[in-house]
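Here the structure is laid out as structure tokens; the discussion comes afterwards.
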Amino acid sequence: MIDLKYLQKNFDEASAKLVKKGVDEAILENLKELFATLKSANATLEEAKAEQNRMSKLFGEYMREKKDITKLKAEVNAKKEEIVELQATARKAQEALEKVALAMPNFPDDSVPVGANEDDNVEIKKVLEPREFDFKPKEHWELAELNGWIDFERGVKLAKSRFSVLRGESARLERALINFFLDVNRQRGFEEVCVPFINNATMLQGTGQLPKFEDDLFKIDGEDLYLIPTAEVPLTNLYNDEILTAKELPILLTGYTPCFRKEAGSAGRDTRGMIRQHQFDKVEMVAITTPHQSEEIFKMMVENASDILTQLGLPHRLVELCGGDLGFSASTTIDLEVWLPGQNKYREISSISNTRDFQARRAKIRYKDGKKNVLVNTLNGSALAVGRTLVAIMENYQNEDGTVEIPEVLKKYM
RNA sequence: GGACAGUUGGGUGAGUUGGCUGAAACCACAUCCCUGCUAAGGAUGCGUACUCGUAAGGGUACCGAGAGUUCGAAUCUCUCACUGUCCGCCA
């Protein structure tokens, strides 16, 4: 959630930021007004309640002194009726505000490039040269078929489209990658955690998936529970509604989880292969930091993810997302895109974001800075998406006959 | 899933004849004082959110969550959640 006080006090500045992210200024104007309405509604309500409390206190005295209370009672009852109305008004204002505020995306950082969509993203640098092939490189699904690595049909049979089954060596490679990622992250200082893959609605709201993106989530029927779309949700919300101490920070977490996404709205995109599945494995990094620490940690996280790709010998590039392509919760995001020779292009394999205090405000994660409670900064990033790494290995390490070499660093994990 | 018990501030834990308890006490923590070190002692402070105020200092709400009874609820009623114990089931 954005800082509504800031929006109110510096409206022009705030709206300029959000326009960069593609938010209509009229909605912001509306939000500002709703906030002001709520404030004044609450003020009058609280005043009325204060009066009622004062009168109620008198009852005790009156009773002890055996005074007549009928007049006082009549007064309080009148006040009560007034309060009921004021309460309804305040409640309506509250609901109206929440509806808009929870759907409002985060402010982008000033340094974020202006742009409408992914075409305006800015490449920062390339790492490793793509390999020269003396044959036409195949796409991963062809290789998967040749090697018997992925069983698309039976995945669909078991669940539905966009599910698949890994078999034999590919299944072991998947497991090796998870272990490799976790080990690297741990060496960087991330604590490994193993969390529930199902979280409740409050947690999903904390990290920003709810209420706006309910359609992208698998919900458990009849329960207040959802399959997590990313480990960012449980890892960040580990500290939901907590007040940390300054010396605990930064907290660095890493965890492997499967991720479940409905992929609503991506019909027809990446229908072949396992680039876009309803269930995929991912190893995630999450950092809980002070505002002062977050820039540095962010850089470290980007470096870490890039380093993993380098260790795997996978050519990739770093891309800074423009305002229009930035996710809902992010202030700034750097994507890592891995080179896929079969597709002849770079594809996203990791996305690392600083959400500043946006998630912290929703999830009520604070720390004690002296006497004051201050919202933390939360960061998240993949290190890495496992399925897409598997795809990248297949395409980059393929031989002309369709066989695939195993990267050196993974051999000890197989 | 069934039965019973419980859910109070960072922790332990009072408070269940409704008002004087937003909450005793102890511990932890912070600042200060004293003691040459160490051990110990003393004073004060110490929940969260919103809100009014330059500030000092006020106001409102919160004793698992929600609803209700009442002039007034941590204290009474209902619903739900969670925890514990026993039973059932089970990797």
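Just so it is clear: chains get the letters A, B, ... in the order the sequence lines come, proteins before strands, and each one is counted from 1.
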Practice problem: Select base, sugar-phosphate, or nothing to describe what A:K364 touches, counting heavy atoms under 4.0 Å on all strands. | Solution: nothing
Quiz item: In the strands shown, is B:rC34 matched to any nucleotide by a Watson-Crick or G-U wobble pair with both distances under 3.5 Å, and which?
Solution: none
Quiz item: Going by an N to O cut-off under 4.0 Å, is there a salt bridge joining A:R356 and A:E295?
Solution: yes
Quiz item: Please give, in whole Å, the distance from B:rA73 P to A:Q52 CD?
Solution: 8 Å
Quiz item: OP1 or OP2 of B:rU60 less than 4.0 angstrom from a side-chain nitrogen or oxygen of A:N42, does that happen here?
Solution: no
Exercise. Could you please name the partner base of B:rG18, counting Watson-Crick and G-U wobble pairs only when both distances are under 3.5 Å?
Key: none
Quiz prompt | B:rG53 - base-pair partner by Watson-Crick or wobble geometry, distances under 3.5 Å | solution = none
Quiz item: Does B:rA25 have a Watson-Crick or wobble mate here (both distances under 3.5 Å), and if so which one?
Solution: B:rU12
Quiz item: Closest to the A:E46 side chain: B:rC71, B:rA49, B:rG59?
Solution: B:rG59
Quiz prompt | Counterpart base for B:rG84, defined by Watson-Crick or G-U wobble contacts under 3.5 Å | solution = B:rC4
Quiz prompt | Watson-Crick or G-U wobble mate for B:rU77, both contacts under 3.5 Å | solution = B:rA67
Self-check item: Distance, rounded to the nearest Å, where A:E47 contributes CD and B:rA61 contributes P
Solution: 13 Å
Quiz prompt | Residue pair A:L340 / A:R388, side-chain heavy-atom distance below 4.5 Å | solution = no
Exercise. Have a look at A:L45 and say if it touches a base, only the backbone sugar-phosphate, or nothing, with a 4.0 Å heavy-atom cut-off.
Key: nothing
Exercise. Tell me what A:R54 touches on the nucleic acid: a base, only sugar-phosphate, or nothing, going by heavy atoms under 4.0 Å.
Key: nothing
Quiz item: Should B:rC62 form a Watson-Crick or G-U wobble pair with both distances under 3.5 Å, which nucleotide is its partner?
Solution: B:rG47
